[in-house]
Amino acid sequence: MTPEQLQDVVRTAVGAVVDRGALPVEVPDEVVIERPKNPEHGDYATNVALRLAKPAGRPPRQVAEVLAEELRAHEGIATVDVAGPGFLNITLAKGALGGLAVRAVTAGAAYGRTDAFAGQKLNLEFVSANPTGPVTLGSTRWAAVGDALGRLLEATGAQVSREYYVNDAGAQIERFGRSLQAVAHGRPVPEDGYQGDYVETVAQQVVAENPGLLELPDDEQLTVFADRGVAAMVAEIRSTLDGFGVHYDRFFSERTLHESGALEKAVGRLREQGHVFEADGAVWLRTTTFGDDKDRVLVKAGGEPTYFAADCAYYLDKRARGFERVVIMLGADHSGYVGRYKALVAATGDDPEHHLEILIGQLVNLVKDGEPVRMSKRKGNFVLLTDLVDAVGIDAARYALARASVDQQIDIDADLWSRKTNDNPVFYVQYAHARISSLLRNAADLGLPLGEAADVDVAALAHPRESDLLRAIGEFPRVLASAAELRAPHRVARYLEELAGTYHRFYDSCRVLPRGDEEATSLTTARLWLCAATATVLRNGLDVLGVTAPERM
RNA sequence: GCGCCCGUAGCUCAGCGGAUAGAGCACCGGACUUCUAAUCCGACGGUCGCAGGUUCGAAUCCUGCCGGGCGCGCCA
């Protein structure tokens, strides 16, 4: 029996009690089934009696007793105890848990997937680093977390489109072009230009691809350097992210918004809504109407549209493409944008709480030899995605970034994450998978295939370590659903660490394969299924995080 | 000054109003003729920053304060 099925059983029990007039309450839509930490509290526990006590006007324990009596009649339930303030501690009938192993193996890659968010169409925008330089460590956090969140939402049935907004318009692009041009001519970059070795590389590439470029008139040169330089950077960023296992559905060019007249249309739409005004020669959006700190300029006094105006057009474009929900992931250094974005959405007439979601991720440091690796964008020696991957590898990089809550600033210790020991959480989890893979290979060598699901004696799995593992496996669908709902991929990582630990403890106390001349029994087969089920969950969970599940280590 | 995030074991961090607050690491003590010991078991370790409030119940929600990070442009 899965936790979801038990939830239905409990709800039905409440309904039955209410129907016969034993409890004067409304039947709740949701009852909470949790997995108690303390094994003495049964396989599962529910606080439903505590919840219903007040509306029923009865003491919680009394309500609990009535419900316990009803639940005990269910064939899948062995015992129900009323404990503490009024918890119902439920122990399932022998074999009711074991079915989870068969269910997981049978479902395979689909195990854990639900339809919790079926029908939702989301646009996920993340990284969107400026195309004037390589992908930095800060952006890498979102590459890992954003992609994992995308996979997580897909696993819960949502339709997800991953998008990268390319800021290929505006003054910064011109500055970038000037920097490339200067370097190409062997001159120092301008005061406000871009520093770093990559500037030299890109400049040389542009020159190589455009013979005669350096002889063109100055302004024509600049255009080529800017255009081709940005194109080269976008290509490099894209390929870096592809190599990191992060693939986008679309790279959306800001410039196309300028060229198509989308900005004017967006400003027009906002004007129609009555939130645009003119002052000091500029065109403003009255975002303060919707809680922003100050009003924002859409078109500068000089006639140039602002970045914010492009944001408006971009948002409207996403909505016009049918996305019900626009999710944007930003670094903490952009947290000041939330207010104006929300206001912007409200100003278009949309609901900022429903149509827009902005996730803020705190900063990341790479630590080497106990010292944070210094980042200085001005000097051009900032830490890059590639530096992190060089230091710890792709799997560890993605896992380290995805296992922490985005609300938490993190230090990634290069030494720890590149270590091949159990200090390193990603190895701990991957090792569990490799260990099971090895065991299943040995089983096959011994002529012990898993066989048919119908033949598995699931009731044989009665050891406490087996029950622990089965309960953990049974949690997986709920872990994915709640992690998706909370936009918290790190919960999947933490769950996997717990599952790996539960497996290792099972392995330690429960021999799976027969030794010597022992005969394989029905328990052998049941345990093989349990191992295979664990491997399935580890694989599916790691896949959500974009981390490999190795068969050998 | 204002806004957002954080403050939980020596360290790094989990903990979407529930039971005795957890894990890994570090330190100490154990377990390999046995399916991968990259593992497991035990011990040690806490005023959940402080003070109020809401609640049957608060690390979790609310308010104030203290400490740290980030942000507050007609930059992007």
Side-chain angles (χ1 to χ4, degrees), chain A residues 32 34 36-38 40-41 45 47 50-51 53-54 59-60 83-87 89 130 132 167 169-173 175 192 254 279-284 292-294 296-308 310-311 331-339 358 360-363 367 403-413 416 419-425 427-428 430-432 434-443 445-446 482-483 485-486 488 490-491 493-495 497-498 500-501 503-516 527-528 531 552-553:
Chain A
V32 178
E34 56 177 20
K37 288 169 232 164
N38 187 335
E40 289 171 17
H41 294 157
N47 64 354
L50 289 158
R51 299 262 175 210
K54 188 167 248 181
F87 288 101
N89 292 336
N130 286 337
T132 52
N167 298 123
Q172 56 164 349
I173 298 304
R175 284 208 331 259
D192 61 350
E254 178 188 355
D280 306 326
V283 179
W284 299 68
D292 194 12
D293 299 335
K294 57 185 75 170
R296 306 292 171 178
V297 172
L298 290 167
V299 184
K300 302 180 203 173
E304 284 283 303
T306 60
Y307 181 86
F308 183 59
D311 281 340
D333 51 344
H334 286 72
S335 61
Y337 281 50
V338 177
I358 298 182
I360 299 294
Q362 300 301 314
L363 304 181
V367 174
R403 93 184 276 269
S405 157
V406 293
D407 290 336
Q408 195 82 35
Q409 284 182 49
I410 49 172
D411 293 332
I412 296 181
D413 185 334
L416 167 69
R419 218 175 286 164
K420 306 233 183 297
T421 70
N422 59 340
D423 308 7
N424 183 342
F427 272 86
Y428 184 78
Q430 289 183 315
Y431 175 67
R435 198 178 211 190
I436 297 171
S437 300
S438 167
L439 193 153
L440 295 176
R441 279 194 300 271
N442 293 344
D445 290 346
L446 290 172
S482 80
E485 187 185 350
L486 295 167
H490 75 278
R491 284 174 175 254
R494 302 296 176 149
Y495 163 80
E497 289 166 29
E498 190 186 317
Y503 180 78
H504 289 311
R505 282 185 284 280
F506 153 79
Y507 181 94
D508 196 61
S509 41
C510 297
R511 173 80 197 185
V512 178
L513 299 176
R515 22 181 152 198
R527 283 181 172 169
L528 282 172
C531 290
R552 297 168 203 275
M553 288 173 74

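All figures in this text were calculated on a predicted structure; none of them were measured in a lab. Residue numbering restarts at 1 for every chain, and letters A, B, ... go by the order of the sequence lines. Below, each value reflects all heavy atoms present in this structure, side chains not excepted, and no hydrogens, waters or symmetry copies.
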G68(B) and C25(B): how far apart are their C1' atoms, nearest whole angstrom? 24 Å
Can you list everything that forms a salt bridge (Lys or Arg N to Asp or Glu O under 4.0 Å) with Asp292(A)? Sequence neighbours excluded, please. Arg296(A)
Looking at every strand, decide which applies to Asn38(A) at a 4.0 Å heavy-atom threshold: base, sugar-phosphate, or nothing. base
Base, sugar-phosphate, or nothing: which does Asp413(A) touch, judged by heavy atoms less than 4.0 Å apart? nothing
Phe87(A) meets the ring-ring contact (aromatic ring centres under 6.0 Å, His included) criterion, sequence neighbours left out, with none
Protein-nucleotides 53-57 of chain B N/O pairs closer than 3.5 Å?
residue : atom : partner  : partner atom : Å
C56(B)  : OP1  : Lys54(A) : NZ           : 2.9

My understanding is that only residues two or more places apart in sequence, or in another chain, count here; which of them pass salt bridge (Lys or Arg N to Asp or Glu O under 4.0 Å) with Arg403(A)? Glu497(A)
Atom CG in Asp311(A), atom CG in Asn167(A): separation rounded to 0.5 Å? 8.0 Å
Between Gly281(A) and Ala45(A), which is nearer to the 5' end of RNA chain B once each is assigned its nearest nucleotide? Ala45(A)
Work out how far the C1' atom of U8(B) is from that of G24(B), and round it to whole angstrom. 15 Å
Does the protein touch nucleotides 28-37 of chain B at the base, only the backbone, or not at all? Give it as B, S and - per nucleotide, heavy atoms under 4.0 Å. ------BBBS
Could you state the interatomic distance from CZ (Arg441(A)) to CZ (Arg552(A)), rounded to the nearest 0.5 Å? 3.5 Å
Close N or O pairs between protein and nucleotides 61-63 of chain B (under 3.5 Å):
none

Distance, nearest 0.5 Å, that separates CD of Glu498(A) from CZ of Arg491(A): 12.0 Å
I'd like to check the salt bridge (Lys or Arg N to Asp or Glu O under 4.0 Å) partners of Glu304(A); sequence neighbours left out, ordered by chain and number. none
Rounded distance in Å - CD (Glu304(A)) to C1' (G73(B)): 16 Å
Give a yes or no on whether a donor-acceptor pair under 3.5 Å exists between the nucleobase atoms of A19(B), that is its base, and the side chain of Asn89(A). yes
G64(B) to C2(B) separation - P atoms, rounded to the nearest Å: 10 Å
Is the phosphate of G73(B), meaning OP1 or OP2, less than 4.0 Å from a side-chain N or O of Lys300(A)? no
Report yes if the distance between the aromatic ring centroids of Tyr431(A) and Tyr428(A) is under 6.0 Å, otherwise no. no
Which nucleotides of nucleotides 2-16 of chain B have their base under 4.0 Å from a protein heavy atom (B), which only their sugar-phosphate (S), and which neither (-), written as one string 5' to 3'? -B-SS------SSSB
Could you check whether any side-chain heavy atom of Ile173(A) comes within less than 4.5 Å of a side-chain heavy atom of Asn130(A), counting everything from C-beta outward? no
Using the test salt bridge (Lys or Arg N to Asp or Glu O under 4.0 Å), find all partners of Asp423(A) that sit at least two apart in sequence or belong to another chain. Arg419(A)
Does the aromatic ring of Phe87(A) sit over the six-membered base ring of A19(B), closer than 5.5 Å centre to centre and tilted less than 30°? yes
For Tyr507(A), ring-ring contact (aromatic ring centres under 6.0 Å, His included) partners two or more places apart: none
In whole Å, I'd like the distance from the CG atom of Asp292(A) to the P atom of C74(B). 12 Å
Spatial distance of atom CD (Gln362(A)) from atom CG (Asp333(A)) [nearest 0.5 Å]: 9.5 Å
Taken in chain and number order and not counting sequence neighbours, the residues that satisfy side chain to side chain contact (heavy atoms under 4.5 Å, CB included) with Ala83(A) are Asn89(A)
NA contact type, Ala53(A), heavy-atom cut-off 4.0 Å: base, sugar-phosphate, or nothing? nothing
Give me the distance, rounded to whole Å, that separates G22(B) from A43(B) when you measure between the P atoms they each carry. 13 Å
Would you say Tyr428(A) places a side-chain N or O within less than 4.0 Å of OP1 or OP2 belonging to C40(B)? yes
In what stems does RNA chain B take part, counting only runs of at least 3 consecutive Watson-Crick or G-U pairs whose two distances fall under 3.5 Å? B:1-7 with B:66-72, B:10-13 with B:22-25, B:28-31 with B:39-42, B:49-53 with B:61-65
